[in-house]
There are 2 protein chains.
Amino acid sequence: MTKTRTGRADDASDVREVGPAKEDGRLLRGEATRERVLDAAERLFADQGFDAVSIRQIAQEAGVTLGVVGFHGGAKLDLFRTILARRVEMLSSVRLKALDGIDARREPATLHELVDAYIGPYIEFAAEGDPQWNAYARLIARTVSDDRWYPQVRDFYDPVARRYIDAIARLYPSADRETIAAALVMSVACMLSVVASTARIAGLSQAEAADLPTGAPDVRAYKSVLIDFCAGGIERAITSA
Amino acid sequence: MTKTRTGRADDASDVREVGPAKEDGRLLRGEATRERVLDAAERLFADQGFDAVSIRQIAQEAGVTLGVVGFHGGAKLDLFRTILARRVEMLSSVRLKALDGIDARREPATLHELVDAYIGPYIEFAAEGDPQWNAYARLIARTVSDDRWYPQVRDFYDPVARRYIDAIARLYPSADRETIAAALVMSVACMLSVVASTARIAGLSQAEAADLPTGAPDVRAYKSVLIDFCAGGIERAITSA
DNA sequence: GTCTATATGTAGATAGAC
DNA sequence: GTCTATCTACATATAGAC
């Protein structure tokens, strides 16, 4: 089990190093390759899941050879962890900043605002032109509901989730925390499913089963339905308990 | 691509044959083995996903040898499909029967009733003592949100979903169908996530991160929260559109 | 930094003995 | 029906040339 390699892949668990290293304002050569490898892996893992993807596929998708993936990504599992850690910071910080903004005001928060602050950034990232963020969004969906991966992302997401639970608890002082926690977990499930299932929604919108004429609709089309659903769901769950 | 095998596995796509064959009231010897193989595969696929499970693992879990799995299950993909088809009929028929019961009455349906009729059976199956149903319930969660598997289960679930969408549409005549479809897809996501994430809910219920003292709580503990959440969510999504 | 070559393991599938 | 033995393919991982 001794590790003898000395490549960049050893930085895998170093979350502090978020963006690519730069020099003279442009990417270092190796960094550009590293990003290509991580991006390719991110897309493939999001589409097919960890086990269905081979390192060979990743190499091909990234346009490099097998050894290069090993050099930049390390073992397959390290590669996966690196991908998860790479973007989590940004999503969490946006969520926390939005919550701070609400807390700093004079007027009390509304539930709808809180839900929007938590869910909105994810949808915006997923809908953004950058296909890598969309891939990451779908990748998260694979991790949160899987006992094998959840322990690896738990420490990233749960602290932020707790702050939102606290905020909702302040809004409904008589509600019990477990109900709020359940409602938040369900909200997250809704959020993830909308990104992953736009095609299914479009399909079920037709009265009869039919091939979808066009590609899957944009996530943003369902953003307001999603937030309304979650806000209404949380409120009902809390008030009827 | 010609198939030369002649084992029972060729019955894989024959959905009509649901239960095990019997003779003199007891299982035939081969049938019992077949059930053991399917059950073992169902548990492992539910726990780890299709790609993470090897046929060798299945054989070990079932207490048979490698060749036996091949004989009863056929190719790995056929085995997976057989498992999905084996139980879907029962869940769908309970859902449809519940809906028929509501439709047959004089009084109009309530939204809460409809949600309960759709979601309730799944939770009951998942919570039931039989660990195989729980495994199946978790396996469904892996298929619905995955582009690779959804096409395989779509024909099983979507017709029933459409009938429930119709029923909700009758309740809210001015609502547009796409909103209802989105709300139902989100409800399904909630339903699946509660079964898969009881541990996470329990964890987030604590104010601080902590190891959970006991095992994951029973799904049924969250059943009413779940149904309230979905009913409240659907109503809000529809009425604020 | 990148590539080639390869060591080593394990996967799925099936033929044929019992 | 079940088991053993094995074929073929492809996986991860890494050493060493460039």
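Predicted, not measured: the structure shown is a model, and the values here were computed from it. Just so it is clear: chains get the letters A, B, ... in the order the sequence lines come, proteins before strands, and each one is counted from 1.
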| task | Find the distance B:Asp78:CG to C:dG12:P and express it as a whole number of Å. | result | 14 Å
| Taking CG from B:Asp51 and P from C:dG12, how many angstroms apart are they, rounded to a whole number? | 9 Å
| request: Could you state the atom-to-atom distance from NZ of B:Lys76 to C1' of C:dA13 in whole Å? | output: 12 Å
| query | Looking for any heavy atom pair under 4.0 Å, which part of the strands does A:Val37 touch: base, sugar-phosphate only, or nothing? | reply | nothing
| Is it true that the side chains of A:Arg148 and B:Gln48 contain a donor and an acceptor less than 3.5 Å apart? | no
| Which part of the nucleic acid does B:Val69 contact within heavy-atom distance under 4.0 Å: base, sugar-phosphate only, or nothing? | nothing
| Minimum-distance nucleotide (side-chain atoms of B:Arg56 versus D:dT2, C:dA13, C:dT2) | C:dA13
| request: Would you tell me if any nitrogen or oxygen in the side chain of B:Ser54 comes within less than 4.0 Å of OP1 or OP2 on C:dA11? | output: yes
| Min side-chain heavy-atom separation B:Phe50-A:Asp51 under 4.5 Å | no
| Would you say the side chain of A:Arg86 lies within less than 4.5 Å of the side chain of A:Glu35, judging by non-hydrogen atoms? | yes
| note | Whole-Å distance, A:Gln60 CD to D:dA11 C1', equals 15 Å
| Can you tell me how far C1' of C:dT14 sits from CD1 of B:Ile55, to the nearest Å? | 11 Å
| request: Starting at atom CZ of B:Phe71, determine the distance to atom P of C:dA15, rounded to an integer number of angstrom. | output: 13 Å
| query | Using a distance-only test with no angle check, is there a side-chain donor-acceptor pair under 3.5 angstrom linking A:Asp158 and A:Tyr150? | reply | yes
| request: Among the candidates C:dT2, C:dC3, C:dA13, find the nucleotide nearest to the side-chain atoms of B:Ala75. | output: C:dA13
| Expressed in angstrom and rounded to an integer, what is the separation of A:Leu66 atom CG from C:dA7 atom P? | 15 Å
| message | In this structure, how many angstroms lie between the P atom of D:dC3 and the CZ atom of B:Arg36, rounded? | response | 9 Å
